[in-house]
Amino acid sequence: GDDNLIYVSSGLSREVIVYDQAGNVVRNIKPEGADELSNPTSLTIRVFKKYAGLLILNTGGEVGFSGDPSVTRITE
């Protein structure tokens, strides 16, 4: 199941890369359009009653520069 996956944010490629425990890429999460990530720097998985999702902190701007922070919620 998804319990043994490792989620890594990449500010450079504006995505979350999901690995299995052996280090193989399982999938990439790269929202587009209005939901595009903007220098994602941290994330958490939230499980609350019937809601589960990935919350991603966007620090905004290009890598190394600060902008307007925001949070993106992914509920795949």
Side-chain angles (χ1 to χ4, degrees):
D2 286 352
D3 294 344
N4 296 316
L5 298 177
I6 302 163
Y7 293 76
V8 179
S9 62
S10 173
L12 185 61
S13 60
R14 297 180 179 214
E15 66 186 326
V16 173
I17 306 165
V18 184
Y19 295 90
D20 64 16
Q21 289 185 336
N24 301 306
V25 175
V26 175
R27 69 178 176 268
N28 298 55
I29 302 171
K30 190 170 184 173
E32 297 180 353
D35 294 327
E36 181 180 37
L37 301 178
S38 180
N39 195 20
T41 56
S42 61
L43 50 90
T44 188
I45 297 172
R46 179 178 178 206
V47 179
F48 181 72
K49 296 185 181 181
K50 293 184 178 182
Y51 167 82
L54 182 64
L55 300 174
I56 305 163
L57 173 64
N58 297 295
T59 56
E62 296 298 321
V63 176
F65 300 95
S66 61
D68 294 326
S70 66
V71 173
T72 298
R73 182 176 66 183
I74 306 291
T75 57
E76 294 184 358

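The figures here come from the full heavy-atom set of this structure, side chains too, leaving out hydrogens, waters and symmetry mates.
- A continuous path of hydrophobic side-chain contacts links V16 to V26 [ILVMFWY only; heavy atoms under 4.5 Å].
- A search for side-chain contact (heavy atoms from CB on, under 4.5 Å) contacts involving I45 returns Y7, V47, L54, not counting sequence neighbours.
- Interatomic distance, D35 CG to K30 NZ, rounded to the nearest 0.5 Å: 14.0 Å.
- For I17, the side-chain contact (heavy atoms from CB on, under 4.5 Å) partners at least two apart in sequence or on another chain are S10, E15, Y19, V25, N28.
- A34 pairs by the side-chain contact (heavy atoms from CB on, under 4.5 Å) definition with nothing, not counting sequence neighbours.
- Contacts of T72 classified as side-chain hydrogen bond (donor to acceptor under 3.5 Å, both in side chains), with partners at least two apart in sequence or in another chain: N58.
- By the side-chain hydrogen bond (donor to acceptor under 3.5 Å, both in side chains) test, N24 pairs with D20, sequence neighbours left out.
- Taking OG of S9 as the reference point, atom CG of N39 lies at 8.5 Å (rounded to 0.5 Å).
- Interatomic distance, I29 CD1 to I56 CD1, rounded to the nearest 0.5 Å: 6.5 Å.
- Here CG of L57 is found 4.0 Å from OG of S42. Values are rounded to the nearest 0.5 Å.
- The distance from the CG atom of L5 to the CD atom of Q21 is 8.5 Å, given to the nearest 0.5 Å.
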